[in-house]
Structure formats: structure tokens, C-alpha cells
There are 2 protein chains.
Amino acid sequence: MATVTRLPHPDMSEVRLTDVLFALSDPARLEIVRELADGPLSMAECGATNPALPKSTKSHLMKVLREAGVVRNEPDGRRRVLSLRRAELDETFPGLLDSVLGSAPPTTPANRDG
Amino acid sequence: MATVTRLPHPDMSEVRLTDVLFALSDPARLEIVRELADGPLSMAECGATNPALPKSTKSHLMKVLREAGVVRNEPDGRRRVLSLRRAELDETFPGLLDSVLGSAPPTTPANRDG
DNA sequence: ATCACGGTTCAAGTATTGTCGAACCATGGC
DNA sequence: GCCATGGTTCGACAATACTTGAACCGTGAT
């Protein structure tokens with residue numbers, strides 16, 4: 001019976017700006033988003049910055065990002081592919097992602113995000 | 001001895017992107033920021049949306065915004081004037097404030113921000 | 001079928017945030 | 001001086017959020 005491999009994703013119409021901002025307001029989550037900005041990654045590939053992170057923790061971070069409408073999480077064999085919902089976000093919150101991703105990445109003068 | 005009427009404000013160099021995002025990720029705080037986008041307001045004038053809000057709560061919201069570098073809080077007689085640190089924010093996080101303020105204000109189709 | 005793998009979910013403890021009354025503190029007006 | 005006003009800070013409690021091990025679940029390989 002109806003297995004659950006397909007996780008629920010909010011429609012953009014029910015995504016609130018504050019939820020997106022909250023999802024991006026955590027350094028670990030923001031780092032993940034930065035990684036995904038270059039293209040989809042599997043769970044295992046993702047989080048290069050934080051290799052020691054327990055998988056349950058990483059899974060939880062992803063859940064927050066997913067429920068906020070920031071990230072898509074789709075099954076692919078026995079892996080899962082994470083991807084930024086960039087086009088949809090750009091349409092719903094124009095310029096937001098660009099400005100967040102454009103702002104002072106990790107290794108910057110004052111390390112502004114992390 | 002050294003009275004405290006002048007509250008501490010972080011220099012932009014020590015403001016982290018994630019802190020700004022966090023400050024903006026609360027509907028009540030975001031609403032305040034929206035009000036201040038039209039110009040400075042005193043504490044009392046501000047928060048028109050939430051008139052019943054206890055003053056200690058409002059003061060706390062302001063503290064979070066101030067400590068995140070989003071807002072300035074300066075004494076003016078026996079009032080305090082709140083203002084957006086817009087120019088500084090624009091310089092440090094180009095486009096961020098614009099996109100946040102531009103995105104779907106309160107009374108919008110799906111009420112996207114809480 | 002069995003097993004290892006990649007990942008999610010559960011549960012429980014910890015930590016961080018939010019809320020708000022009460023006390024306090026400058027200031028301006030009288 | 002004294003008082004009202006506008007606002008901050010403190011303290012205590014409620015509510016969220018974070019972290020993590022353990023259990024569980026599909027899938028692919030053997």
C-alpha cells in the first residue's frame with residue numbers, strides 16, 4: 001500500500017516569505033542551499049562542509065528547507081536527489097535568492113553568514 | 001554614571017546574513033520593517049497592525065531587529081525613533097531588503113508572509 | 001530472499017525564542 | 001520637586017526549534 005518514498009512538497013502558493021527567510025536563516029541550511037545553487041546533489045554528496053553531521057540531523061535540515069518550499073527532494077534509485085526550487089522561488093519572491101546567494105559567501109572578510 | 005539611553009548597535013561589519021534573515025523571518029518583525037520602510041517612526045507610532053501588543057513584547061521585537069543590524073533605535077526626547085538601516089543594509093547585502101520588501105506584502109492573494 | 005546502503009521517522013533531551021507583567025529609568029511638563 | 005509618559009530590562013514560564021541515536025523502509029545487488 002501507498003509507500004511514502006515521495007515526500008510532500010508545498011505548492012508555491014502556500015509558501016510564506018517568512019518561512020523561506022527562516023529556512024535560510026540557519027548557517028548550516030544556508031550552506032546547503034549554496035551548494036545546491038550549482039546544481040542538484042544527492043544527500044550524501046551534499047553537506048561537504050559538515051562531513052561529520054549525523055544523517056538524522058542532515059535529514060532534518062533538509063526537511064525544514066523542503067517544507068519551506070526552498071528545496072525539492074526526489075527519490076532516485078536508493079538515493080535522493082536534492083535540488084533548489086530556484087525558478088519557482090524567483091517567480092514568487094523575485095530577487096530574493098539572488099541577493100541571498102550573492103551576499104558574502106562563507107569565506108569572506110568578516111565571514112558574514114556563519 | 002553612564003546612563004544607558006543610547007542602545008548598542010552592531011557595526012555592519014559584524015552583522016551576519018543569517019542574523020538578518022532570522023530577524024526578518026518573523027511576521028511581526030517583518031511587518032515592523034515594512035512600516036519603517038516608509039520612514040522613521042517612534043515606538044508608539046509603530047506597530048499599527050498590532051495595537052494590543054504589550055510594550056515589553058514590542059520592545060523585545062525591536063531588540064532582535066536592532067541586534068541583527070536591521071533597525072536603528074535612537075533616543076529623541078522621551079521617545080525613541082526607530083529607523084531602517086537601509087543604506088547600510090543595501091551596501092552590505094545588495095538587493096536583499098528590496099526583494100524582501102517587494103515580495104507579496106501582507107494583504108495579498110495568498111497572504112504569503114503570515 | 002537476504003543484505004548492505006541511503007535515507008527518513010520517532011522519541012527524548014537540550015537549547016533557544018517568544019510572551020508579558022512588574023519593576024525600573026530618563027525625560028518633559030508642571 | 002513631583003508626576004505622567006514612553007520605553008527598556010528583568011524574571012519566569014510557555015512554546016519552538018535543534019540534535020541525535022535507534023528503529024525502520026525501499027531499493028539494488030548478490
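Chain identifiers are assigned alphabetically (A, B, ...) following the order of the sequence lines, protein sequences preceding nucleic acid strands; residue numbering begins at 1 within each chain. Here the structure is a predicted model, which means the values were calculated and not measured.
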Q: Under the side-chain contact (heavy atoms from CB on, under 4.5 Å) rule, what do D26(A) and V64(A) come out as? Steps first, then yes or no, please.
A: CA-CA 10 Å; D26(A) 176 72; V64(A) 174; over 6 Å; no

Q | Option among L17(A), T18(A), V100(A) that satisfies the side chain to side chain contact (heavy atoms under 4.5 Å, CB included) test with V100(B) | A | L17(A)

(Q) By the definition side chain to side chain contact (heavy atoms under 4.5 Å, CB included), identify the one residue from R66(A), E67(A), E74(A) that meets it with L7(A). (A) R66(A)

Q. Nearest nucleotide by nearest heavy atom, which residue falls closer to the 5' end of DNA chain D, K55(B) or H60(A)?
A. K55(B)

Please determine whether a side-chain nitrogen or oxygen atom of [X] lies at a distance below 4.0 Å from atom OP1 or OP2 of [N].
X	N	result
S56(A)	dG21(D)	no
R29(A)	dC18(D)	yes
S59(B)	dT8(D)	yes

Round to the nearest Å and state the distance from [X] atom [atom1] to [N] atom [atom2].
X	N	atom1	atom2	result
L53(A)	dG7(C)	CG	P	13 Å
L61(B)	dG18(C)	CG	P	8 Å
D26(A)	dT19(D)	CG	P	7 Å
D19(B)	dT16(C)	CG	P	14 Å
L65(A)	dA17(D)	CG	P	14 Å
M43(A)	dG26(D)	CE	P	18 Å
E31(B)	dG18(C)	CD	P	17 Å
L7(A)	dT8(C)	CG	P	7 Å

Q. According to the salt bridge (Lys or Arg N to Asp or Glu O under 4.0 Å) rule, which pairs have a member within residues 88-99 of chain B, sequence neighbours left out?
A. R72(B)-E88(B), R85(B)-E88(B), R86(B)-D98(B)

(Q) Show, in sequence, the C-alpha distance, side-chain angles and deciding distance for L97(B) and L84(B), and conclude whether the side-chain contact (heavy atoms from CB on, under 4.5 Å) test is met. (A) CA-CA 10 Å; L97(B) 219 48; L84(B) 245 190; 4.0 Å; yes

Q. Any idea which of dT8(D), dC20(C), dT8(C) is nearest the P54(B) side chain?
A. dC20(C)

**Q.** Near-strand residues of residues 66-78 of chain A, defined as heavy-atom separation under 4.0 angstrom from DNA chain C
**A.** N73(A), R78(A)

Q. Are L53(A) and L61(A) side-chain neighbours, meaning at least one heavy-atom pair lies under 4.5 Å?
A. yes

Q. So, for L89(B) and V70(B), which heavy atoms are closest and what is the spacing to 0.1 Å?
A. CD1-O, 3.8 Å

